Undergrad: 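The structure's right below; bear with me while I get my questions together.
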Amino acid sequence: MTNHIPFRIIGLHVDSFFLTDHKFQIEIPVEVLTSYDFGVNIDEHLVIARHSYTYLQEGTKLLQMTLISTFDVKPDAFQSMLQENKFTLEPFFSQYLSTINVGAARGEIHARCQAAESELADIILPPINLTEALPEPIVITLE
C-alpha cells in the first residue's frame, strides 16, 4: 500500500458539546482525555473519524466534545484498503485524518468556550501524540 491516499474533507460536525457550570480553578491542572473511533461508508467511499475530547479537573468533567470528520477517499485508494469484509486504515492514514480532527476540535472548543464566556477558552487543547495514540492499523469489520 502506498502512503499517498487522495482524499478531501467533506464534513466537520460537532456531534455533542457539553460545558459544565463547574468553576474552573486556574491553579489546578486540567487533564485531557481523548478517544478515537473510525467508520466507513463503502457505497460512497467515505472514512469517518469520530473523536471525543474531555477536560477534567480533579475528576470533575468541565467540558466534553465529540467531533465527526468525514473524508471522501478517491475510489481506487479506498478499494486498496478493502479486503473481503475488512477495511484497514494504516497508522499513517488514521493519524493524518486524526490530525485534521484535532486541529478542527481545537478551534471548535475555543470558539464555543469564548462564545459562552467560559474561562476554558484560555485552555488550549494540547498537542496530542497521534503516533502513540494510534500506533496500529485500524481494522473495521464490515457486515
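Source: prediction; values computed, not measured.
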Undergrad: Could you report the tightest heavy-atom contact between Ala77 and Ser80, atom names first, then the distance?
TA: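 Closest approach of Ala77 to Ser80, heavy atoms only: O-OG, 2.5 Å.
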Undergrad: Given the rule in the side-chain contact (heavy atoms from CB on, under 4.5 Å) test, do Glu84 and Leu142 qualify, once you have shown the distances and angles that lead to the verdict?
TA: CA-CA 9 Å; Glu84 296 177 16; Leu142 309 170; over 6 Å; no
Undergrad: To the closest 0.5 Å, what do you measure between CD1 (Ile109) and CD (Gln114)?
TA: 13.5 Å
Undergrad: What residues join Ile28 in its hydrophobic cluster, counting side-chain heavy atom gaps under 4.5 Å, either direct or through other members?
TA: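 Taking Ile, Leu, Val, Met, Phe, Trp and Tyr as members, Ile28 stands alone, with no cluster partners.
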Undergrad: Check whether any side-chain heavy atom of Leu130 lies under 4.5 Å from a side-chain heavy atom of Ser98, and answer yes or no.
TA: yes
Undergrad: I'd like to know if Val102 and Val14 are part of one continuous hydrophobic network [Ile/Leu/Val/Met/Phe/Trp/Tyr, side-chain heavy atoms within less than 4.5 Å].
TA: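 Cluster IDs for Val14 and Val102 match.
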Undergrad: Mind checking what makes salt bridge (charged side-chain N to carboxylate O under 4.0 Å, His left out) contact with Arg50, not counting sequence neighbours?
TA: Asp15
Undergrad: Would Leu63 and Phe17 satisfy side-chain contact (heavy atoms from CB on, under 4.5 Å), going step by step from the backbone distance to the final call?
TA: CA-CA 8 Å; Leu63 176 147; Phe17 185 81; 4.1 Å; yes
Undergrad: Tell me, yes or no, whether the heavy-atom count around Ile124 atom CD1, taken from other residues, nucleotides or ligands under 6.0 Å, exceeds 12.
TA: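 It does not: Ile124 CD1 has 12 such atoms or fewer within range.
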Undergrad: Flag yes if more than 12 heavy atoms outside Gln25 fall under 6.0 Å of its CD atom; otherwise flag no.
TA: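 Atom CD in Gln25 is packed in, count exceeds 12.
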Undergrad: Going by the rule side-chain contact (heavy atoms from CB on, under 4.5 Å), which residues pair with Glu44 if we only count those two or more places apart in sequence or in a different chain?
TA: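 For Glu44, the residues satisfying side-chain contact (heavy atoms from CB on, under 4.5 Å) (neighbours in sequence not counted) are Asn41, Leu46.
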Undergrad: Give the minimum heavy-atom separation between Cys113 and Leu19, together with the two atoms involved.
TA: SG-CD1, 4.2 Å
Undergrad: If you define the side chain from C-beta out and look only at heavy atoms, does anything of Thr54 sit under 4.5 Å from Lys61?
TA: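 In short, these two side chains touch, coming nearer than 4.5 Å.
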Undergrad: Is there a donor-acceptor contact under 3.5 Å linking the side chains of Thr66 and Gln64?
TA: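 Judged by distance alone, the side chains do pair up.
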Undergrad: Measure the spacing between NZ of Lys23 and CD of Gln57 and express it to the nearest 0.5 Å.
TA: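 It comes to 10.5 Å.
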Undergrad: Give a yes or no on whether the backbone of Ala121 and the side-chain of His110 come within a donor-acceptor separation of less than 3.5 Å.
TA: yes
Undergrad: Is atom OH of Tyr96 surrounded by more than 12 heavy atoms (other residues, nucleotides or ligands) closer than 6.0 Å?
TA: no
Undergrad: Tyr53: what forms a ring-ring contact (aromatic ring centres under 6.0 Å, His included) with it, not counting sequence neighbours?
TA: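 Here no residue qualifies.
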Undergrad: Is there a continuous path of hydrophobic side-chain contacts, each under 4.5 Å between heavy atoms, that joins Met65 to Ile48?
TA: no
Undergrad: Hey, does Ser69 have a side-chain heavy atom less than 4.5 Å from the side chain of Leu97?
TA: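 No, side chains not in contact.
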Undergrad: Take Val40 and His45 through the side-chain contact (heavy atoms from CB on, under 4.5 Å) test and state the conclusion after the steps.
TA: CA-CA 7 Å; Val40 293; His45 45 84; over 6 Å; no
Undergrad: When you look at CD of Glu143, are more than 12 heavy atoms from neighbouring residues, nucleotides or ligands closer to it than 6.0 Å?
TA: no
Undergrad: Could you measure the distance from the CZ atom of Arg112 to the CG atom of Leu120? Nearest 0.5 Å is fine.
TA: 14.5 Å
Undergrad: Is there a path of hydrophobic side-chain contacts, each under 4.5 Å between heavy atoms of I/L/V/M/F/W/Y residues, joining Val73 to Ile42?
TA: yes
Undergrad: In terms of hydrophobic clusters joined by side-chain contacts under 4.5 Å, are Ile68 and Ile138 together?
TA: no
Undergrad: A side-chain contact here means heavy atoms from C-beta on lying under 4.5 Å apart; do Pro91 and Pro137 qualify?
TA: yes
Undergrad: To the nearest 0.5 Å, how far apart are CD in Glu119 and CG in Leu62?
TA: 10.5 Å
Undergrad: Would you call Ile5 and Glu90 a side-chain contact if the rule is heavy atoms closer than 4.5 Å?
TA: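 No; the side chains remain at least 4.5 Å from each other.
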Undergrad: Mind checking what makes salt bridge (charged side-chain N to carboxylate O under 4.0 Å, His left out) contact with Asp37, not counting sequence neighbours?
TA: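 If we apply the salt bridge (charged side-chain N to carboxylate O under 4.0 Å, His left out) test to Asp37, skipping adjacent residues, there are no hits.
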Undergrad: Apply the hydrophobic cluster definition, ILVMFWY joined by side-chain contacts under 4.5 Å directly or through others, and give me every member besides Leu33.
TA: Leu56
Undergrad: Phe93 and ring-ring contact (aromatic ring centres under 6.0 Å, His included): which single residue from Phe87, Phe7, Phe38 fits?
TA: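 With Phe93 as partner, ring-ring contact (aromatic ring centres under 6.0 Å, His included) holds for just one option, Phe7.
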Undergrad: Using a 4.5 Å cut-off on heavy atoms from C-beta on, say whether the side chain of Val47 contacts that of Phe78.
TA: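 Yes, close enough: below the 4.5 Å cut-off.
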Undergrad: Does any part of the side chain of Ile9, heavy atoms only, come nearer than 4.5 Å to the side chain of Ile100, both counted from C-beta?
TA: yes
Undergrad: If only atom types and distance count, is the side chain of Arg106 paired as donor or acceptor with the main-chain N or O of Leu125 below 3.5 Å?
TA: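 Judged by distance alone, yes, a pair lies under 3.5 Å.
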Undergrad: Going through the distances and angles, do Gln83 and Thr88 end up as a side-chain contact (heavy atoms from CB on, under 4.5 Å)?
TA: CA-CA 8 Å; Gln83 298 292 323; Thr88 303; over 6 Å; no
Undergrad: Is a side-chain N or O of Glu31 found less than 3.5 angstrom from the main chain of Glu58, in a donor-acceptor match?
TA: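 Here the side-chain-to-backbone pair does not exist.
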Undergrad: Where is the tightest heavy-atom contact between Leu67 and Leu12, given as atom of each residue plus distance?
TA: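 Here Leu67 and Leu12 meet closest at CD1-C, 4.5 Å.
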Undergrad: Would you say that Asp122 contacts Phe24 through its side chain, given a criterion of any heavy-atom pair below 4.5 Å between the two side chains?
TA: no
